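Each remark here refers to the structure printed beneath this line.
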Amino acid sequence: MKKIAVLTSGGDAPGMNAAIRAVVRTAVFKGMEVYGVRRGFHGLIKGEIEHMDVKSVGEILHRGGTILNTARSDQFKTEEGMGKALNILRVFGIEGLVVIGGDGSFRGALDLSERGFPTVGVPGTIDNDIACTEQTIGFDTAINTVLEAINKIRDTVSSHERTNIIEVMGRDAGDIAIYTGMAGGAEGILIPEMPLNIDNLCRRIIEGRNRGKSSSIIILAEGAGKAMELERIIEEKTGMETRATVLGYIQRGGSPSAADIILASRMGYHAVELLENNIGNRIVAIRENRIVDFDIKEALSMPKKFNQELYDLAQVLSI
Ligand code: ATP
């Protein structure tokens, strides 16, 4: 392959720029021409495509978000939209596409691959909800951002001797909650993978208080419930002053961590290597610190497991 393109799609994640840089510079290094598609599949349909070179990805490594912008496109999911996208790729003479995004974006990549257009997915999402890879680009930065927030909230929570519920992102996955709950020493972690037992949680809070704990932090994954509702229930059942904090989009921003930049660079490089060898319909992943790849359809049907060991350990250590 001599001409490839790259786009970012779905929710943005810190480290996406490092992945774009790796794709562009690897392609240039290998003597390929490379194009950037703006605004994900939405921009692809509209032909928002520009030529990229070594310079166009200069000084972006430390920047959060994505320089190519991202968008969601319902039109792309239709036959008509798909036809338009394939036509644009043909018009520009592009032979392969790297899609940096989450599982929705990979379904789009699969649709293109099934119509004969080689596409490679690179997992970029803070949620860490792609089953085939142990880590997604953006997750490490996001959990460090959340940890910083937990530590700040902890100061005020312990001064006021309160319980604070902190709602974190993650969609249907509890990974952000488990990792930050563990690192932040949370007294409770509520995730969609485990049934919510409010009475059990309240008993733990009361027992903690009876042992002399003056405050508690509960990390709630967005897929497991709403912080405001829980605030009311916990205050009612424990009789202790309770507050809720929804961290929101702060979790998606900021400079990527070293770990995310390195992961993104390795994955971006591998994606181009695949296309160089005319291999499409793959998702790049990391397993036991090795960069590997999987068939898109197979990868999307793998069940997502959560880190039960870390979850259990956090419970033991937070008594
Ligand atoms: P994140 O997990 O960070 O939100 P995502 O990639 O899962 O990222 P989505 O909004 O689900 O985000 O998907 C991004 C885009 O991918 C959609 O706007 C749409 O254009 C395309 N897409 C999603 N699902 C499909 C599908 N089933 N078939 C074809 N294209 C799809």
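Small disclaimer: the values here were computed from a predicted structure and weren't measured. Every number for a ligand or one of its atoms is a count from 1 in the order of the listing.
From the protein, the heavy atom lying nearest to atom 26 (C) of ligand 1 is Arg107 CB, 3.5 Å. When only non-hydrogen protein atoms are considered, atom 19 (C) of ligand 1 lies nearest to Ser73 O, 3.2 Å. Nearest protein heavy-atom neighbour of atom 15 (C) of ligand 1: Ser9 OG, 3.6 Å. Nearest to atom 6 (O) of ligand 1 among the protein's heavy atoms is Ser105 OG, 2.5 Å.
When non-hydrogen atoms are compared, ligand 1 lies under 4.0 Å from the side chain of Thr125 (C-beta onward) but not from its backbone. Only the side chain of Arg171 comes within 4.0 Å of ligand 1, counting heavy atoms alone; its backbone N, CA, C and O stay farther away.
Remark: among candidates Gly108, Gly101, Gly104, the nearest residue to atom 16 (O) of ligand 1 is Gly104, based on non-hydrogen atoms. Among Ile126, Leu44, Asp111, the residue whose heavy atom sits closest to atom 29 (C) of ligand 1 is Asp111.
Within the listing of ligand 1, atoms 1 (P), 3 (O), 4 (O), 8 (O) sit less than 4.0 angstrom from a heavy atom of Gly11.
Considering every non-hydrogen atom in both Thr133 and Ile286, the closest pair reads OG1-N, 2.9 Å. Between Ile20 and Ile67, the shortest heavy-atom distance links the atoms CD1-CG1, 4.1 Å.
The existence of a salt bridge linking Asp172 and Lys304 is excluded, since no basic side-chain nitrogen approaches an acidic carboxylate oxygen closer than 4.0 Å. For the pair Glu50 and Arg38, the salt-bridge criterion is met [side-chain N within less than 4.0 Å of a carboxylate O]. A salt bridge between Arg209 and Glu241 is absent, with no side-chain N of the basic residue lying under 4.0 Å from a carboxylate O of the acidic one.
Aromatic ring pairs are classed by plane angle as parallel below 30°, tilted from 30° to 60° and perpendicular above 60°; the pair Phe41 and Phe76 is parallel.
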